[in-house]
Amino acid sequence: EEKEEETCSFTVPNYACQRRTQLHHHNPSLSDALTLLAENAELNEDDGRAVAFRRAAAVLKALPAEVTSVSQLKGLPCLGEHSLRVIKDVLKDGSCSEVETTKHSQRFNALKVLTGIFGVGVKTADRWIRDGIFNLQQLRESQTTLNRAQQAGLDHYEDLNQPVTRADADSITEIVQEAVSSLFPGAQVTLTGGFRRGKMTGHDVDFLLTHPEEGREEGLMDKVVSWLDSQGLLLYQKTSRNSYLESRDGPGRPSSNMDRFERCFAIFKLSRGQTSPPAGHQWRAVRVDLVVTPISQFAFALLGWTGSKLFERELRRWAGHEKAMSLSSHALFDKTQVINTLFREINMWNCSNHTRSPVSEAIPE
Ligand code: DGT
Ligand code: MG
């Protein structure tokens, strides 16, 4: 029996971006357990641990068959001691006590509910928990001061925590398309995020807007947002030039993923006919992100906004570690070229000053 296990052990490439991964895979109970621990680590701002669990979950999602024994995992990348222990427990008992304890812990559930409010990040949620607020009702009764985003998030909590369907995404695409082409002929709208990856549901709808002539995208966001607003299609919007500022207590994005494009966080009001709102309702609220990019950066923005988050992170890690290149949502450049240029300049400066010998060694990491 041991021999058989040996022959069906798996191999996968080291980086998630090198692996083909299907939405439906063979190891959901293992990946769900690891994903829950990743989520918990994120809610407790332990990013190192969160990424480790996310990577482990991604490896399991990429396997071509169901795992039946840990021995099959020997030699696989990204499976640390902790992840292996979780996997072993789930294989043996069908569950892992750490996962179960976390899943039922008051803190985890409170953090999940509170950060599930648009505009509430983990720092705010943690502060509220320390003030004895664990759920929406306590928040509503507490008279806590909410900013505009959080108030909108609380007002539309139910809708915003319902999955957005492909049909909703298509309706919104039509609306945005209509606005853009009537206001800025020639400008382009591209659906990104999970829907571009072919997912059937999502937590929001993401768009990139650009114009084929560099510079002509300027002013696009303001016009589109004003038009949408004048049509009564927006329940909330906040446009920012530099989304870095937004990350702290904004809609809770990890700051490492942030770019500097002009961006609009919006909540659309989608009417009956455009969507199927909950029974008895005339409309539903849907989160929409609009991002404007100059055409010269569009390719990088499209790559960066298609996701998933882990895929993007791994692609950047792979570019940096394996190719000595630096990738962002704005550009891709060769780090050695940049360093060489820098060296040439330093050398020229040194030679002309006759003070030091030219720099020749490689820069340490
Ligand atoms: P979803 O909406 O939950 O179904 O899943 P996704 O994959 O659409 O995730 P979402 O909407 O949070 O973000 C779409 C992708 O865009 C995500 O995979 C990574 C990227 N992304 C999200 N926020 C930012 C950001 O602030 N800056 C940059 N450069 N990329 C971002
Ligand atoms: Mg999305």
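In what follows, every heavy atom counts, from backbone to side chain, and hydrogens, waters and symmetry copies are set aside. Every number for a ligand or one of its atoms is a count from 1 in the order of the listing.
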Using a strict cut-off of 4.0 Å, indicate which atoms of ligand 1 neighbour a heavy atom of G193. 8 (O), 14 (C)
With a 4.5 Å heavy-atom cut-off, do R196 and L302 have their side chains touching? yes
With heavy-atom distances below 4.5 Å as the criterion, would you say the side chains of S31 and K61 are in contact? yes
D204 heavy atoms within 4.0 Å reach ligand 1 at atoms 2 (O), 11 (O)
Below 4.0 angstrom from a heavy atom of D206, which ligand 1 atoms are there? Numbered from 1 as shown, please. 8 (O), 11 (O), 14 (C)
To atom 29 (N) of ligand 1, the nearest of V291, L303, V288, D259 on a heavy-atom basis is D259
Do side-chain atoms of S171 reach the backbone of A167 as a donor and acceptor pair under 3.5 angstrom? yes
Could you tell me how the ring of F265 sits relative to the ring of F118: parallel (under 30°), tilted (30 to 60°) or perpendicular (over 60°)? tilted
Among the N/O/S atoms of D204, select the one at the shortest distance from the Mg ion (ligand 2) and name it. OD1
Please check this pair: side chain of N135 against backbone of A110, looking for a donor-acceptor N/O pair closer than 3.5 Å. no
For the residue pair N44 / R49, report whether a side-chain donor-acceptor contact shorter than 3.5 Å exists. no
I'd like to check whether E312 has a polar contact with ligand 1, where a contact means an N/O of the residue lying under 3.5 Å from an N/O of the ligand. no
Enumerated ligand 1 atoms positioned under 4.0 Å from heavy atoms of R197: 7 (O)
Note: ligand 1 atoms sitting under 4.0 Å from heavy atoms of S329 are 29 (N)
To which of H203, R260, R313 does the heavy atom nearest atom 1 (P) of ligand 1 belong? H203
Which atoms of ligand 1 have any heavy atom of G304 under 4.0 Å away? 16 (O), 19 (C), 20 (C), 30 (N)
Out of F261, W305, F265, the nearest non-hydrogen contact to atom 16 (O) of ligand 1 is supplied by W305
Numbered in order shown, the ligand 1 atoms found under 4.0 Å of a heavy atom of G202 are 4 (O)
Verify the distance test for D206 against the Mg ion (ligand 2): any N/O/S atom under 2.8 Å, yes or no. yes
Any donor-acceptor pair under 3.5 Å linking the side-chain atoms of H211 with those of E218? no
May I have the step-by-step check of side chain to side chain donor-acceptor pair (under 3.5 Å) for Q72 and T68, ending in yes or no? CA-CA 8 Å; Q72 295 170 291; T68 50; 3.2 Å; yes
The reported gap from CG in D289 to NE2 in H203 (rounded to nearest 0.5 angstrom) is 7.0 Å
